[in-house]
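Reading through the structure tokens given below for one structure.
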2 protein chains.
Amino acid sequence: MSTAAATTPAPTPLRVKGCCNPVSAPLPEVLADELAATYKALGDPTRIQILHILATATEPVCVCDFTAAFDLGQPTVSHHLATLREAGIVTSFKRGIWAFYRLNPAMSSAAGAAVAQIG
Amino acid sequence: MSTAAATTPAPTPLRVKGCCNPVSAPLPEVLADELAATYKALGDPTRIQILHILATATEPVCVCDFTAAFDLGQPTVSHHLATLREAGIVTSFKRGIWAFYRLNPAMSSAAGAAVAQIG
DNA sequence: GCCTCCTATCGATGAACGTCGATTGAATGA
DNA sequence: TCATTCAATCGACGTTCATCGATAGGAGGC
């Protein structure tokens with residue numbers, strides 16, 4: 001770098017460009033990550049179907065109902081449910097032998113808006 | 001039991017299970033795929049930031065503004081913009097040397113609800 | 001106590017994704 | 001015409017994801 005530019009402050013030396021404009025402040029990184037994580041959890045057709053079932057159900061839904069509804073192995077369904085649970089979109093509890101899932105009433109507003117579209 | 005039950009034709013012979021209930025009809029596969037594709041396109045922090053910029057901008061935004069805003073290479077930014085464009089969430093046009101992006105006014109309602117959360 | 005049933009977890013595999021450097025294509029200005 | 005600039009595409013690489021089979025953990029029923 002020849003230190004040359006050192007002397008000249010160069011008011012707007014470059015800037016040949018005629019289009020660049022300032023842009024709004026970015027979202028806080030944590031917020032962008034949270035939104036992206038929420039939408040990533042929604043970015044699978046099977047999980048969309050799971051949420052459709054939950055959004056139209058009046059009671060918690062047993063895992064066995066999901067495994068019966070999809071042409072997928074039981075571990076795969078369990079994995080999708082875990083993904084939604086870790087994203088805070090659904091919650092689960094056990095009753096006897098069975099595990100039940102329902103929509104998380106405390107899900108984020110972004111997730112809520114998405115579920116409203118799905119249901 | 002007194003075998004008395006023997007005479008009874010076993011009201012629910014099989015179905016040892018006590019939880020499985022019918023489940024709502026699935027979403028049409030095409031619809032589930034479309035929703036999943038939309039949310040998958042939204043499932044990346046950089047693309048969330050891109051949409052935040054577009055949602056808060058009053059005019060179309062030049063690609064050079066995006067490349068300046070992110071600590072990513074130009075091909076990577078171009079790739080993210082292409083992903084959003086192929087998902088129907090943004091549209092682009094060229095003016096002279098520059099390419100501009102804006103929100104697609106015809107985006108799906110699911111995408112619109114998501115952008116409303118981001119903006 | 002043992003056996004059965006249901007669900008979660010583990011390990012593996014193939015596909016898809018995010019990122020980069022290099023290149024190409026298009027439009028401008030000298 | 002030629003050099004310059006901007007953006008899209010290509011090829012490659014490492015990571016993440018969806019799926020499966022096998023296994024483990026837990027709760028009831030006999």
Side-chain angles (χ1 to χ4, degrees), chain A residues 13-21 29 32-33 36-50 60-87 90-102, chain B residues 1 3 5 10 12-21 32-33 36-50 60-87 90-102:
Chain A
L14 268 286
R15 318 293 308 123
V16 180
K17 323 178 54 176
C19 78
C20 280
N21 294 309
E29 188 178 333
D33 288 348
T38 293
Y39 291 124
K40 185 176 294 188
L42 297 168
D44 181 275
T46 298
R47 294 197 287 271
I48 295 289
Q49 295 283 9
I50 288 174
V61 178
C62 179
V63 169
C64 60
D65 293 326
F66 292 119
T67 59
F70 301 116
D71 198 17
L72 292 172
Q74 175 268 321
T76 301
V77 173
S78 184
H79 158 72
H80 286 303
L81 290 167
T83 298
L84 292 171
R85 177 163 26 88
E86 287 156 15
V90 306
T91 60
S92 67
F93 63 94
K94 300 198 75 169
R95 188 156 56 199
I97 294 295
W98 300 287
F100 292 82
Y101 282 75
R102 74 171 106 196
Chain B
M1 44 75 137
T3 72
T12 45
L14 263 287
R15 316 297 307 131
V16 180
K17 322 181 52 178
C19 79
C20 280
N21 295 310
D33 287 349
T38 294
Y39 292 124
K40 185 176 293 188
L42 297 169
D44 181 275
T46 299
R47 295 198 285 272
I48 295 289
Q49 294 284 9
I50 289 174
V61 177
C62 179
V63 169
C64 59
D65 293 326
F66 292 119
T67 58
F70 301 116
D71 197 19
L72 292 172
Q74 175 268 321
T76 300
V77 173
S78 184
H79 159 72
H80 285 304
L81 290 167
T83 298
L84 292 171
R85 177 163 27 88
E86 286 157 16
V90 305
T91 61
S92 67
F93 63 93
K94 298 197 75 170
R95 188 155 56 198
I97 295 294
W98 299 288
F100 292 82
Y101 283 75
R102 76 171 107 195

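Order of the sequence lines fixes the chain letters, A, B, ..., with proteins taken first and strands second; residue numbering starts at 1 for each chain. Keep in mind that what you see is a predicted model, and the values were worked out from it rather than measured.
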Protein proximity profile, nucleotides 22-30 of chain C - base contact B, sugar-phosphate-only contact S, no contact -, cut-off 4.0 Å on heavy atoms: B----BS--

Among D/dT19, D/dT9, C/dT7, find the nucleotide with the atom closest to the side chain of B/Ser78. D/dT9

Nearest to the A/Arg47 side chain among D/dA18, D/dC6, C/dT7, which nucleotide is it? D/dA18

Side-chain atoms of A/Val63 come closest, of C/dT7, D/dA7, D/dA8, to C/dT7

Are OP1 or OP2 of D/dT19 and a side-chain N or O of A/His80 less than 4.0 angstrom apart? yes

Round to the nearest Å and state the distance from B/Lys40 atom NZ to C/dA15 atom C1'. 10 Å

Rounded off to whole Å, could you give me the NE2-to-P distance for the A/His79 and D/dT16 pair? 14 Å

B/Thr76 vs C/dT19: side-chain N/O to OP1/OP2 distance below 4.0 Å: no

Beyond-backbone contact of A/Tyr101 with A/Leu81, side-chain heavy atoms, under 4.5 angstrom: yes

Axial cation check for B/Phe100 ring with B/Arg95, 6.0 Å and 45° limits: yes

With sugar-phosphate meaning primed atoms plus P, OP1 and OP2, does B/Leu72 contact a base, only sugar-phosphate, or nothing at under 4.0 Å between heavy atoms? sugar-phosphate

Mind checking if B/Phe100 touches a base, just sugar-phosphate, or nothing, with heavy atoms under 4.0 Å? nothing

By side chain to side chain contact (heavy atoms under 4.5 Å, CB included) - contacts of A/Thr83 (at least two apart): A/Ala41, A/Arg47, A/His79

